[in-house]
Amino acid sequence: MDAPPSIRETGAPRLLILGGTAEARELAAALQARGTFAVSLSLAGRTRNPLPQSAPTRSGGFGGVDGLEAHLRAERIDALVDATHPFAATMSHHAHEAARRAGVPLLALQRREWQRQPGDIWREAATIPEAVEKLGPAPRRVLVALGRNEVRALEAAPQHACLVRSIDPVEPPLAVPQARYIEARGPFAEADEHALLTAHRIDAILSKNSGGEATYGKIAAARALGIEVIMVARPARPEVETVDSVDGVLEWLERLPHHSSPARRGV
């Protein structure tokens with residue numbers, strides 16, 4: 001997909017944000033307000049109705065490492081910020097390699113992980129199938145907060161009654177006897193999560209350790225109610241310079257010699 005005209009025509013340093021997170025939206029808005037960068041935002045295209053963005057936006061994959069490298073060179077990108085979801089490890093690895101090949105400075109913006117607090121009842125799992133297995137053989141009432149692309153793993157444990165929450169519909173529905181669906185987009189307040197868990201008599205939560213405040217309400221509510229959380233650990237991501245705030249990205253950008261990027265020179 002071609003870059004938006006506003007990116008092609010400006011002489012300002014060009015920044016590509018790999019987004020899909022609240023942090024990416026916040027960063028794009030901050031940079032648009034400053035007006036010192038020509039910002040473009042890329043979304044994976046997995047969500048049917050993404051929130052409005054303040055920067056010119058493209059949707060869909062690049063075609064792997066080669067495609068992203070070609071995009072960086074063709075659009076003469078001066079800097080790349082990986083602000084994808086903590087579980088979008090494949091995209092992060094692609095970004096790392098494409099930026100290395102194109103000689104484009106790369107920074108990761110990654111929110112902090114949730115940490116176990118006194119009163120939390122957590123069981124940690126390395127993968128989603130492992131998390132489903134850790135629910136155990138006895139039937140349970142489970143809030144499934146994994147995202148619609150990962151919920152198929154629940155079909156391996158049809159004994160559980162699942163309350164599945166996702167932004168977009170789960171299609172087709174899970175092949176399990178007991179499943180209910182909620183379509184909702186965070187943030188979710190702790191009080192509302194407390195009410196949801198109580199109303200559905202939830203006794204376990206399946207959750208990825210996404211971090212951040214927007215979806216932490218269910219973790220705090222589970223702590224208050226004594227509900228077990230099966231927490232899926234984050235996947236390994238490439239070792240790149242990383243910050244955990246928009247301010248950290250802004251400080252990093254101020255230190256960059258934007259005019260000297262090989263991708264911008266067309267090398």
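Small disclaimer: the values here were computed from a predicted structure and weren't measured. Reckoned from all heavy atoms, side chains included, excluding hydrogens, waters and symmetry mates.
Residues Val170 and Ile202 do not share a hydrophobic cluster, clusters being chains of Ile/Leu/Val/Met/Phe/Trp/Tyr side chains in contact below 4.5 Å. At a threshold of 4.5 Å between side-chain heavy atoms, the hydrophobic network of Ile, Leu, Val, Met, Phe, Trp and Tyr places Leu27 and Leu256 in one connected group.
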**OP:** Please report the C-alpha distance between Val151 and Leu174 in whole Å, then the side-chain angles of each, then the deciding distance to 0.1 Å, and finally whether the side-chain contact (heavy atoms from CB on, under 4.5 Å) criterion is met.
**Re:** CA-CA 8 Å; Val151 297; Leu174 295 179; 3.8 Å; yes
**OP:** Show the numbers, then the answer: is there a salt bridge (Lys or Arg N to Asp or Glu O under 4.0 Å) between Glu69 and Arg100?
**Re:** CA-CA 9 Å; Glu69 179 192 358; Arg100 184 193 66 80; over 6 Å; no
**OP:** Show your reasoning for whether salt bridge (Lys or Arg N to Asp or Glu O under 4.0 Å) applies to Glu193 and Arg165.
**Re:** CA-CA 12 Å; Glu193 298 290 70; Arg165 182 166 65 192; 2.7 Å; yes
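In this view, Gln178 satisfies the side chain to side chain donor-acceptor pair (under 3.5 Å) rule with no residue, not counting sequence neighbours. Taking the ring pair (Phe, Tyr, Trp, His ring centres under 6.0 Å) definition, one finds that Tyr181 meets it with nothing, sequence neighbours left out.
With salt bridges taken as basic N to acidic carboxylate O contacts below 4.0 Å, one links Glu124 and Arg116. Ionic pairing of Asp120 and Arg223 is present here: one or more N-O contacts between side-chain nitrogen and carboxylate oxygen are shorter than 4.0 angstrom. With respect to the salt-bridge test (charged N to carboxylate O, under 4.0 angstrom), the residues Arg255 and Glu251 do not qualify.
At a threshold of 4.5 Å between non-hydrogen side-chain atoms, the residues Trp252 and Pro105 count as touching.
Between Ile227 and Ala204, the closest heavy-atom pair is CG2-N, 3.7 Å. Summarising the geometry of Leu109 relative to Val246, their closest heavy-atom pair is CD1-N, 4.2 Å, with the distance given to 0.1 Å. Closest approach of Trp114 to Lys208, counting heavy atoms only: CZ3-O, 3.3 Å. Here the closest heavy-atom approach between residue Gly20 and residue Leu43 is recorded as N-CD2, 3.4 Å. Listed here is the closest heavy atom pair of Ser207 and Ile219: OG-CD1, 4.2 Å.
Counting heavy-atom neighbours within 6.0 Å of Gln159 CD, excluding the residue itself, gives a total above 12. For Arg180, the CZ atom sits in a loose shell: 12 or fewer heavy atoms of surrounding residues, nucleotides or ligands are nearer than 6.0 Å.
Put simply, the side chain of Asp78 never gets that close to the backbone of Pro13: no donor and acceptor are under 3.5 Å apart.
In summary, the side chains of Asp168 and Ser166 do not present any donor paired with an acceptor at a separation below 3.5 Å, with no hydrogens or angles considered.
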